[in-house]
Enquirer: 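Supplied in structure tokens, the structure appears directly below.
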2 protein chains.
Amino acid sequence: MLKISELAVLTGLSAHTIRFYEKHGLIEASKRSDSGYRYYSDADVKRAEFVKSARNIGFSLDDIGVLLSIRLDKQSHSCQEVTDITQHKLDEVNARLAELQTMQQTLERLLESCCGGPENATHCSIIEALDGGDVTVARRAS
Amino acid sequence: MLKISELAVLTGLSAHTIRFYEKHGLIEASKRSDSGYRYYSDADVKRAEFVKSARNIGFSLDDIGVLLSIRLDKQSHSCQEVTDITQHKLDEVNARLAELQTMQQTLERLLESCCGGPENATHCSIIEALDGGDVTVARRAS
DNA sequence: ATTGACCTTAGAGTTGACTCTAAGCTTATA
DNA sequence: TATAAGCTTAGAGTCAACTCTAAGGTCAAT
């Protein structure tokens with residue numbers, strides 16, 4: 001059984017974050033000492049690592065909650081439920097990627113157009129481009 | 001001279017957002033009526049459009065503030081100042097793109113590995129992958 | 001027995017960019 | 001003139017995921 005700081009070292013999450021995740025139902029300590037200290041079993045560690053993996057992929061804490069409930073009772077859930085969540089996250093990631101790629105291209109174009117030198121900005125092509133409004137539009141939806 | 005709702009239609013920003021930007025020094029109304037209504041000149045409109053262009057590219061409001069001060073007094077600023085800000089934003093965008101691309105690949109790999117069917121999740125390869133922790137790590141720095 | 005590291009809690013603060021509310025003027029239309 | 005649409009302000013609320021604080025209890029080592 002590990003104490004919270006030991007779980008923190010193991011998972012790379014801070015003790016603060018572990019308590020925060022507990023408050024949100026993501027991580028549990030299967031035992032408490034008489035004085036209230038959290039103690040984590042091997043299964044608790046596995047669960048914490050699951051949470052961390054899911055977080056690393058970009059799942060929201062809400063998503064992770066759903067994934068955990070599936071993990072806890074696999075019999076009652078289908079693969080399709082899991083792929084639905086995953087596909088939805090992939091769609092979000094792809095949408096954000098498209099926005100960022102547009103920004104990237106615009107920024108690169110601007111940088112190519114500007115001398116970047118120590119001369120004053122009276123004829124700076126970046127400022128002019130922003131003034132002209134001829135920059136591509138890409139804003140996050142949500 | 002335009003009223004705030006007219007500027008809102010023109011720029012696609014909401015009147016709320018325009019006031020919010022004013023509070024942060026980004027947009028100004030060069031006149032106020034006796035009753036306090038904001039009135040925007042052509043120059044004010046240009047400025048608002050500049051702000052919107054910069055925002056669309058992904059610049060933070062703080063960045064936009066700096067860009068505006070350069071725009072207002074081009075003589076006192078160099079092209080290099082402008083490219084520094086732009087390059088820095090491009091670096092951020094590239095960093096985030098790399099993270100998202102890692103997520104994208106991981107999510108695609110997971111989706112390929114799972115049948116996604118109506119069978120129960122007892123052997124779901126996505127759940128297993130998250131359990132095993134064999135997912136790539138990519139978290140935003142800031 | 002004392003020090004210091006670690007643990008507990010509830011709850012507040014952070015970030016960035018909005019978004020909304022309430023209460024009250026002003027202006028345009030019928 | 002009455003009504004509705006639009007404007008004003010200060011300030012609070014929203015989102016997600018932490019991050020930190022304060023005040024105090026616990027534990028291991030000297």
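Only this structure's heavy atoms are used, side chains among them; waters, hydrogens and symmetry mates stay out. Sequence lines set the chain letters: A, B, ... in the order given, protein chains first and strands last, and positions in each chain run from 1. This one's a predicted model, so the numbers in the text were calculated from it and none came from an experiment.
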Enquirer: How many whole angstroms separate atom CG of Asp34(A) from atom P of dT26(D)?
Expert: 10 Å
Enquirer: Do other residues, nucleotides or ligands put more than 12 heavy atoms under 6.0 Å from the CG atom of Asp42(B)?
Expert: no
Enquirer: Assign Arg38(B) to base, sugar-phosphate, or nothing according to its heavy-atom contacts below 4.0 angstrom with the strands shown.
Expert: sugar-phosphate
Enquirer: Starting at the 5' end of DNA chain C, which residue's closest nucleotide do you reach first, Tyr21(B) or Ala15(A)?
Expert: Ala15(A)
Enquirer: May I have the distance from Ile18(B) (atom CD1) to dT9(D) (atom P), rounded to whole angstrom?
Expert: 13 Å
Enquirer: Measure the distance from CZ on Phe20(B) to C1' on dT14(D) and round it to the nearest whole Å.
Expert: 12 Å
Enquirer: Rounded to the Å, how far apart are Lys23(B) NZ and dA10(D) C1'?
Expert: 8 Å
Enquirer: Just so I know, are the side chains of Lys31(A) and Arg38(A) near enough to count as touching, which here means a heavy-atom distance under 4.5 Å?
Expert: no
Enquirer: Atom CG of Leu2(B) to atom C1' of dC7(D): distance rounded to whole Å?
Expert: 15 Å
Enquirer: Mind checking if Tyr39(B) touches a base, just sugar-phosphate, or nothing, with heavy atoms under 4.0 Å?
Expert: nothing
Enquirer: Whole-Å distance between dT19(D) C1' and Glu22(A) CD?
Expert: 17 Å
Enquirer: Within the structure shown, what part of the strands sits under 4.0 Å from Ser14(A) by heavy-atom distance: base, sugar-phosphate, or nothing?
Expert: nothing
Enquirer: Tell me, yes or no, whether the heavy-atom count around His24(A) atom NE2, taken from other residues, nucleotides or ligands under 6.0 Å, exceeds 12.
Expert: yes
Enquirer: Does Ile4(B) reach the side chain of Tyr37(B), with side-chain heavy atoms less than 4.5 Å apart?
Expert: no
Enquirer: Check whether any side-chain N or O of Ser5(A) sits under 4.0 Å from OP1 or OP2 of dC7(C), and answer yes or no.
Expert: yes
Enquirer: Heavy atoms from C-beta onward define the side chain here; which of dT8(D), dG6(D), dT8(C) lies closest to that of Arg32(A)?
Expert: dT8(C)
Enquirer: Tell me: NZ of Lys3(A) to P of dG25(D), nearest whole Å?
Expert: 18 Å
Enquirer: Any idea which of dC7(D), dC18(C), dT26(D) is nearest the Ser35(A) side chain?
Expert: dT26(D)
Enquirer: Distance check: side-chain N/O of Arg19(B) vs OP1/OP2 of dC20(C), anything under 4.0 Å?
Expert: no
Enquirer: With a 4.5 Å cut-off on side-chain heavy atoms, are Ser33(B) and Tyr39(B) touching?
Expert: yes
Enquirer: Roughly how many Å is it from NE2 in His16(B) to C1' in dA10(D), rounded to a whole number?
Expert: 13 Å
Enquirer: Record whether the side chain of Tyr37(A) comes under 3.5 Å of the base of dC27(D) through a donor-acceptor pair of N or O atoms.
Expert: no
